[in-house]
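What's counted below: heavy atoms across the whole structure, side chains too, no hydrogens, waters or symmetry copies. This one's a predicted model, so the numbers in the text were calculated from it and none came from an experiment.
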Amino acid sequence: MCGGARLLTEPGAGGGGVPGRGCDGNLVDSVSGIDGVADTVKADGTYSFSDTPSSGGTVTYRVSYAGDAEHTTASAYDDVSVSRATPSLSLNNNGKVYAYGADVRFTAHLGTTYRNRTVEIWADPFGSDRPRKLITSGTVNRDGNVSAVVDMARDTSVYAVFQGDSRYKPRTVKVTAYAKVRVSTAVSRHYKTGRIGSTTYHWFRKSTDPLLTTSMTYYPGRHQRFDLQMYYQGSWHSLDSQYFALGTNGKSVVELGAPGEAGVKVRMRSVYVNGSSGDSVNSTTYGSWKYLCFSN
C-alpha cells in the first residue's frame with residue numbers, strides 16, 4: 001500500500017553487463033532491501049526494475065557497474081520518497097466551558113494504523129507561567145480510545161499526538177476548552193436579612209455604608225468588575241461598573257456609600273471579564289447578584 005515503482009536508468013558500456021543491483025533505505029521500519037542480482041543493460045544503455053517497499057519514508061536505490069578491462073567501475077543512486085497514509089485522530093470537548101477546578105475527561109480516538117497504537121495527551125493551560133505538560137501516554141483500547149483527566153483551572157489547549165509508524169504519518173490534533181473563575185461576595189454591616197417576594201435582601205440603615213468583599217481566583221494583575229444597579233419605576237437600572245484590583249489573597253473590598261434615605265433598593269455583582277479584567281487566562285464569569293435595601 002505504501003510502495004510505487006520508480007524507473008532508474010544507468011548508462012551502460014555498449015551492452016556490457018551490470019553485475020548487480022541493490023536497495024537500502026531510511027525507513028521507519030527496517031527492510032532487508034533487494035538482493036543484488038546481475039543483469040544486462042538494454043541496447044540503449046538503460047537498466048530498470050520495479051520495487052514495492054514495505055514501509056514509508058525515504059528509500060535509496062543504488063545500482064553499480066563493476067567495470068571490465070576497458071571500463072572503470074561506476075555507480076548511481078536515487079532517493080524515492082514513499083508516502084505514508086494520514087491516520088484518523090480526534091479529540092473531544094472542543095469549545096466547552098467548565099466551572100473552575102472541574103476535572104474533565106478528554107478522550108482521543110485513533111483510527112487504523114499499522115503497528116503504533118500509542119497516543120499522547122498534552123495539556124497547555126493559558127498563561128506563560130504554566131508550560132505544556134504531558135498528561136498521559138498510552139495504548140488505545142480496542143475501540144481506539146485513550147483518555148486523560150485535566151484539571152480545568154484555566155482555559156486550556158489540549159493536544160492528542162500520534163507519533164506515526166512505518167505506514168501512517170505522525171499527526172497532532174488540538175482542542176481548546178474553557179474554565180471560569182471562582183467568585184463569591186460577602187456582605188457585611190447589615191442589621192438583618194429578609195425576603196421581599198422570593199428575593200433575599202440585606203437590610204441596612206439609611207446612613208450605613210455597606211461593605212462588600214469579593215473573593216475571586218487570583219492571577220497577577222487581575223481586577224474584578226463591580227456592577228451596581230438600582231430598582232426604580234418597576235425595573236433594575238445600571239448605575240455604574242468599575243474595576244477594582246484583587247489582592248494577592250484574591251480579595252477585593254469595596255465600600256458602598258449610604259444613600260441617606262429609606263426605601264432605596266440596589267443590587268451588585270462581581271464579574272471577571274476575559275481581556276478586560278487584566279488577563280485572558282479564564283473565561284468571563286458572572287457572580288451572583290447581592291440585594292441591598294435601606295431603611296430608617
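- When all heavy atoms of Gly250 and Tyr218 are compared, the pair lying nearest together is CA-CB, 4.1 Å.
- With hydrogens and angles left out, the side-chain atoms of Tyr61 and Asp51 include a donor and acceptor closer than 3.5 Å.
- Atom CD of Glu70 has 12 or fewer neighbouring heavy atoms from other residues, nucleotides or ligands inside a 6.0 Å radius.
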Criterion side-chain contact (heavy atoms from CB on, under 4.5 Å) on Ile135 and Tyr159, from CA distance to verdict: CA-CA 10 Å; Ile135 305 301; Tyr159 299 81; over 6 Å; no
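- Asn274 places a side-chain N or O within 3.5 Å of a backbone atom of Asn282 that can act as its donor or acceptor partner.
- Listed here is the closest heavy atom pair of Asp227 and Ser241: OD1-OG, 2.8 Å.
- Between Phe294 and Pro210, some side-chain heavy-atom pair lies under the 4.5 Å cut-off.
- Tyr232 and His237 have parallel rings, their planes meeting at less than 30° on a 0 to 90° scale where 60° marks the start of perpendicular.
- Remark: Asp129 engages Arg154 in a salt bridge, criterion side-chain N to carboxylate O under 4.0 Å.
- Clustering ILVMFWY residues whenever any of their side-chain heavy atoms sit less than 4.5 angstrom apart, transitively, puts Phe204 in a cluster other than the one holding Tyr231.
- Of the candidates Val161, Asp165, Thr139, Thr139 is the only one forming a side-chain contact (heavy atoms from CB on, under 4.5 Å) with Thr118.
- Side chains of Thr208 and Tyr191: a donor-acceptor N/O pair is absent below 3.5 angstrom, by distance only.
- Two residues are said to be in side-chain contact when any heavy atoms from C-beta on lie closer than 4.5 Å; Tyr291 and Arg267 meet this criterion.
- A donor-acceptor pair under 3.5 Å is formed between the side chain of Thr285 and the backbone N or O of Ser283.
- With Tyr286 as the aromatic partner, Arg269 does not meet the cation-pi criteria of under 6.0 angstrom to the ring centre and within 45 degrees of the ring axis.
- Checked by atom type and distance alone, the side chain of Asp143 never pairs as donor or acceptor with a backbone atom of Asn145 at under 3.5 Å.
- Checking each of Thr214, Thr217, Val271 against Val183 for a side-chain contact (heavy atoms from CB on, under 4.5 Å) leaves exactly one that passes, namely Thr214.
- Between the side chain of Asp155 and the backbone N or O of Ala179, at least one donor-acceptor pair lies under 3.5 Å.
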Just do the side-chain contact (heavy atoms from CB on, under 4.5 Å) check on Asn296 and Lys206 with the steps written out, would you? CA-CA 6 Å; Asn296 289 320; Lys206 63 183 180 181; 3.4 Å; yes
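- Remark: the backbone N or O of Arg105 is paired with a side-chain donor or acceptor of Asn93 at under 3.5 angstrom.
- Hydrophobic clustering, with ILVMFWY side chains joined whenever heavy atoms are under 4.5 angstrom apart, keeps Val281 apart from Val273.
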side-chain contact (heavy atoms from CB on, under 4.5 Å) between Val150 and Met152, intermediate numbers included: CA-CA 6 Å; Val150 176; Met152 294 298 297; 4.0 Å; yes
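- In terms of hydrophobic clustering, with Ile, Leu, Val, Met, Phe, Trp and Tyr side chains grouped at heavy-atom distances under 4.5 Å, Tyr100 and Leu246 are assigned to different clusters.
- A 4.5 Å side-chain heavy-atom check between Arg225 and Tyr243 finds at least one atom pair inside the cut-off.
- Remark: side-chain polar atoms of Asn116 are paired, donor with acceptor, to backbone N or O of Gly164 under 3.5 angstrom.
- Exactly one residue among Leu211, Leu228, Asp209 makes a side-chain contact (heavy atoms from CB on, under 4.5 Å) with Leu256. That residue is Leu228.
- The hydrophobic cluster containing Trp122 does not contain Val175, counting ILVMFWY residues as joined when their side-chain heavy atoms lie under 4.5 angstrom apart, directly or transitively.
- His223 places a side-chain N or O within donor-acceptor distance of the main-chain N or O of Gly221, the cut-off being under 3.5 Å.
- Between the side chain of Thr200 and the backbone N or O of Arg195 there is no donor-acceptor pair closer than 3.5 Å.
- Leu91 is connected to Val140 through a chain of hydrophobic side-chain contacts under 4.5 Å among Ile, Leu, Val, Met, Phe, Trp and Tyr, so both are in one cluster.
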